[in-house]
Amino acid sequence: MDRVPIILDGNEAAASVAYRLSEVIAIYPITPSSPMGEWADQWRSEGKKNIWGAVPDVVEMQSEGGAAGALHGALETGVLGTTFTASQGLLLMIPNMFKIAGELTAAVIHVAARTVATHALSIFGDHSDVMAARSTGFAMLASNSVQEAHDLALIAHAATLESRIPFLHFFDGFRTSHEVNKIIPLLDEDLRAIVDERFVRQHRERALSPDRPVLRGSAQNPDVFFQAREAANPFYRACPQIVQDVMDRFAKQTGRGYHLFDYVGAPDAERVVMLMGSGAGAAGECLNALEKAGEKVGLLKVRLYKPFALEAFFAALPATVCGIAVLDRTKEPGSVGEPLYQDIVTAFMERQAANGARRMPRIIGGRYGLSSKEFTPAMVKAVFDELKKPEPQNHFTIGIRDDVTHTSLDYDRAFSTEDPRTVRALFYGLGSDGTVGANKNSIKIIGKGTNNYAQGYFVYDSKKAGAITVSHVRFGPEQIASTYLISQASFVACHQFPFIDRIDVLSAAEPGATFLLNAPFGQEEIWSHLPRQVQQTIIDKKLKFYLIDAYGVAREAGMGSRINTIMQTCFFAISGVLPGGRPSRPSSRPSRKPTGSAAKPWSRRILRPSIRRYPTSISESSGKGFRNV
């Protein structure tokens, strides 16, 4: 079976599966889940069919509550349906979610998990929305990466049909939903192999129909409501095993194995960190570094959060564990602890009560990553180090400086697990100037044209258009799971010269890195237009400094003010990430605006002579030391 890797982001990865396994898709846009609905709408307009040969109905409603209501109604007719949402949008769906789950109706809601507005609105990601929905009766399945968003979407759709428990499949908003990565796609044959048609037929047979009248959605009095509510218990008890069975079938079909709880690390680990979501990528990198240093540590990744499978949880943990740090990406003010922490403590206390002779490990809880706050391997190391202490701090925060209630842990910012073989590039652009789009194209070109893996993550200002965007792009020979921003870049490009005075674009440049600047100045005058701090950084870090007047090249090439393609070509030419990426030495003839048939090789005739390398020593900085690439 041909499995050619493809490049896409988490939203498209999840939507691709959801679309092919649905007949009705009710949508309403909300950041950062909107692209899932947009993809579904586009595929519908293009006539793309699901695995049963039909084009799904994609209906945009007037609110998220309307989308949930439309989904609920569609499900009652026996069709297969889904929707996509986040944050307050998910909260507006909660009334219908209680009904869908209470009626044991198979459904999947895909959530790009996002902060719920509290003291302020935030469009960025954490788990506060999905945690607010955990009492609805939906099963909760967490994906940690773009590949997992693709794979677990299929597992959720198959498991909901077999268990009759509706599923909420979630992944981190922006960090996973908008991260571009190289993945192995699921083919239609894979979907057909995992989704059992028997359960599709059973779902259709439960449709409301005058030919098969049933009572559903009634009002009940105290004499029967409690009993009927408890009658769903067998379905929830069976759900975890059904999910694992689907995961096992998936592993046989694709070679990628998942479990309800996936443990990685030393088999005799003494300290373990537990979490779910994209933070597992940073935690995994830290774990590998600590294991190489001889430390007995482990990481437990929670996939099926609800229903919580106690037997699978304890089976995944090494018996040698003495300390556990449970990390939640949410805050519940006034509670004894955050949701995952409370579940883990309850699990151990119940086991202790039932088997008093068992030793109970020390358990501490902490919060991280609210509103997409950065979460790095250095922070994970601080958590592991905290577990070493005789009296570790409980209910801590990591990644911020809490100078009010003093809950935060200190961490070593110099600790890094970046692979030196990985090209790490930062691109500073202006919202809507094409920089992000060009970088996404670069990732696709490199991902498809080489054996390298690629990852792109894009930091947007919440105002989006007209604000600064920073593209964090990695390329390397190994799968990239660095779910955090680049702090040590080997390549830095500034696409807008005014940024030089506003932000420190070179703060993350490592010694000897390459710096590409778009500036409207010639080679003799550029140095005098750079701020003193930038000049000193270039000299101190011995940066390879390249200059181009991209707007001038664009005008000469007849491209108007569009510089994104030009800057992309500069990156390819300078970085050498593509075979033969470095341009040959240009001829000494002056470049001219291409016309007619001569317009084709404009990048060779105009762009290459326009990129200039600037000397980085003070003695050579007279302005006459430029040389062609």
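Using a 4.0 Å cut-off between a side-chain N of Lys or Arg and a carboxylate O of Asp or Glu, Arg329 and Asp172 qualify as a salt bridge. A salt bridge links Glu332 and Arg134; the closest N-O separation between the charged side-chain nitrogens and carboxylate oxygens is under 4.0 Å.
With sequence neighbours excluded, the residues forming a side-chain hydrogen bond (donor to acceptor under 3.5 Å, both in side chains) with Thr115 are Asp126, listed by chain and number. Judged as a side-chain hydrogen bond (donor to acceptor under 3.5 Å, both in side chains), and not counting sequence neighbours, Arg201 has no contacts. For Arg192, there are no side-chain hydrogen bond (donor to acceptor under 3.5 Å, both in side chains) partners two or more places apart in sequence or in a different chain. Residues forming a side-chain hydrogen bond (donor to acceptor under 3.5 Å, both in side chains) with Gln342 (at least two apart in sequence, or on another chain): none. Partners of Tyr368 by ring-ring contact (aromatic ring centres under 6.0 Å, His included), not counting sequence neighbours, listed by chain and number: Phe375.
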Tell me which donor-acceptor pairs under 3.5 Å the side chains of residues 95-108 have, and how far apart each pair is, sequence neighbours excluded?
from   : atom 1 : to     : atom 2 : distance (Å)
Asn96  : OD1    : His72  : ND1    : 3.4
Glu103 : OE1    : His72  : NE2    : 3.0
Thr105 : OG1    : Glu103 : O      : 3.4

Identify each donor-acceptor pair in which a side-chain atom of residues 21-28 lies under 3.5 Å from a protein atom, sequence neighbours left out, and give them as a table.
from  : atom 1 : to     : atom 2 : distance (Å)
Ser22 : OG     : Ala18  : O      : 2.7
Glu23 : OE1    : Leu80  : N      : 2.8
Glu23 : OE1    : Arg204 : NH1    : 3.0
Glu23 : OE2    : Arg204 : NH1    : 3.3
Glu23 : OE2    : Arg204 : NH2    : 2.8

For residues 441-449, which side-chain N or O atoms pair as donor and acceptor with protein atoms under 3.5 Å away, sequence neighbours left out?
from   : atom 1 : to     : atom 2 : distance (Å)
Asn441 : ND2    : Gly437 : O      : 3.4
Ser442 : OG     : Ala438 : O      : 3.0
Ser442 : OG     : Gln568 : NE2    : 3.0

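Asp129 CG to Ser33 OG: the interatomic distance, rounded to the nearest 0.5 Å, is 9.5 Å.
For the side chain to side chain donor-acceptor pair (under 3.5 Å) condition, the pairs that include at least one residue of residues 299-315, sequence neighbours left out, are Glu148-Arg303, Asp262-Arg303, Tyr305-Asp343, Lys306-Asp343. Sorted by first and then second residue, the pairs that involve residues 3-27 and meet ring-ring contact (aromatic ring centres under 6.0 Å, His included), not counting sequence neighbours, are Tyr19-Trp43. Applying the ring-ring contact (aromatic ring centres under 6.0 Å, His included) test to residues at least two apart or on different chains, the pairs with a partner in residues 125-157 are His110-His157, His127-Phe170. Each salt bridge (charged side-chain N to carboxylate O under 4.0 Å, His left out) pair with one or both residues in residues 59-80, not counting sequence neighbours, appears once here: Glu76-Arg216.
Between Ala40 and Phe84, the closest heavy-atom pair is CB-CE1, 4.2 Å.
Of the options Ile7, Asn452, Ile6, a side chain to side chain contact (heavy atoms under 4.5 Å, CB included) to Lys182 is made by Ile7 and by none of the others.
Side-chain contact between Thr376 and Thr417: absent, with no pair of heavy atoms (C-beta onward) separated by less than 4.5 Å. Taking the side chain as every heavy atom from C-beta outward, Thr435 and Ser471 approach each other to under 4.5 Å.
Side-chain contact, Thr483 with Ser278: no donor N or O sits under 3.5 Å from an acceptor N or O.
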